[in-house]
*Asks:* 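This is the structure, below, for whatever I ask next.
Counting from 1, the numbers follow the sequence of the chain as shown. Remember, it's a predicted structure, so these values are computed and weren't measured experimentally.
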Amino acid sequence: MDISQEIKKLKKLPGFAEQVGMILIHNGTVRAWSRKREGLVKKLKVKPNYHLIEKLIQQYEQKPGIFKIIVNAREGEFLPGDDLLFIIVAGDIREHVKPVLSELLDEIKSKAMDKTEVIKN
């Protein structure tokens, strides 16, 4: 995903200028170390649940002040440093946008992303 291009497209949507005062972005990457297991990560296998992600987007776009949410979750095998998950939340004010990004990120990571770490020997 090219974040700059996504923002350009977002700004062209009807109502953007009237309704958006903040855009927050999450760019999740593969870490070289594991939270759960001892050792360094060689690669990460990821399978997103795209149907659930779409349901979560629809749910969170109904929150007060939220104009648009864009999520790009990548599937496959990735190396440390590779991009995995992009989330863009556009809305009116930070009191609305910040919690939505945080809550949506936590829900996607805990419920809609199946990840398997391959640890270096």
*Asks:* Looking at His26 and Gly28, would you say the former's side chain and the latter's main chain have a donor-acceptor pair under 3.5 Å?
*Replies:*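 Present.
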
*Asks:* Within the 4.5 Å heavy-atom criterion, are Glu117 and Lys42 side-chain neighbours or not?
*Replies:*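 They are not in contact (no side-chain heavy atoms under 4.5 Å apart), so the answer is no.
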
*Asks:* Counting heavy atoms not belonging to Gln58, are there more than 12 under 6.0 Å from its CD?
*Replies:*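 Yes, enclosed.
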
*Asks:* Please table the atom pairs, donor to acceptor, closer than 3.5 Å between any side-chain atom in residues 84-105 and protein atoms at least two apart or in another chain.
*Replies:*
unit_1, atom_1, unit_2, atom_2, d
Asp92, OD1, His96, ND1, 2.8
Asp92, OD2, His96, ND1, 3.2

*Asks:* Among the clusters formed by ILVMFWY side chains lying less than 4.5 Å apart, do Ile25 and Ile70 turn up in the same one?
*Replies:* yes

*Asks:* Nearest 0.5 angstrom please: Ser34 OG to Lys115 NZ, how far?
*Replies:* 9.5 Å

*Asks:* Please tabulate, for the side chains in residues 8-21, all donor-acceptor contacts under 3.5 angstrom to protein atoms that are two or more places apart in sequence or on a different chain.
*Replies:*
unit_1, atom_1, unit_2, atom_2, d
Lys9, NZ, Glu6, OE2, 3.1

*Asks:* Compare all side-chain heavy atoms of Glu54 with those of Leu56 and state whether any distance is below 4.5 angstrom.
*Replies:* no

*Asks:* In this structure, would Leu24 and Ile108 fall into the same cluster of hydrophobic residues linked by side-chain contacts under 4.5 Å?
*Replies:*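 Leu24 clusters together with Ile108.
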
*Asks:* Would you say Tyr60 and Glu107 make side-chain contact, with heavy atoms under 4.5 Å?
*Replies:* yes

*Asks:* Would you give the length of the straight line joining atom CE of Met113 to atom CD of Glu75, rounded to the nearest 0.5 angstrom?
*Replies:*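 Atom-to-atom, Met113:CE and Glu75:CD are 9.5 Å apart.
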
*Asks:* Rounded to the nearest 0.5 Å, how far apart are CD of Glu77 and OG1 of Thr116?
*Replies:* 9.5 Å

*Asks:* For the CE atom of Met1 and the CD atom of Gln5, what is their distance to the nearest 0.5 Å?
*Replies:*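 Here the interatomic distance stands at 11.0 Å.
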
*Asks:* Quiz question: by atom type and distance under 3.5 Å, do the side chains of Asn49 and Asp114 form a donor-acceptor pair?
*Replies:* no

*Asks:* Between Arg31 (side chain) and Pro80 (backbone), is there a donor-acceptor pair under 3.5 Å?
*Replies:* no

*Asks:* Could you see if Val46 belongs to whatever hydrophobic cluster contains Val71? Use Ile, Leu, Val, Met, Phe, Trp, Tyr and a side-chain cutoff under 4.5 Å.
*Replies:* yes

*Asks:* Which of these, Ile53, Leu52, Asp106, sits in a side-chain contact (heavy atoms from CB on, under 4.5 Å) with Lys111?
*Replies:* Leu52

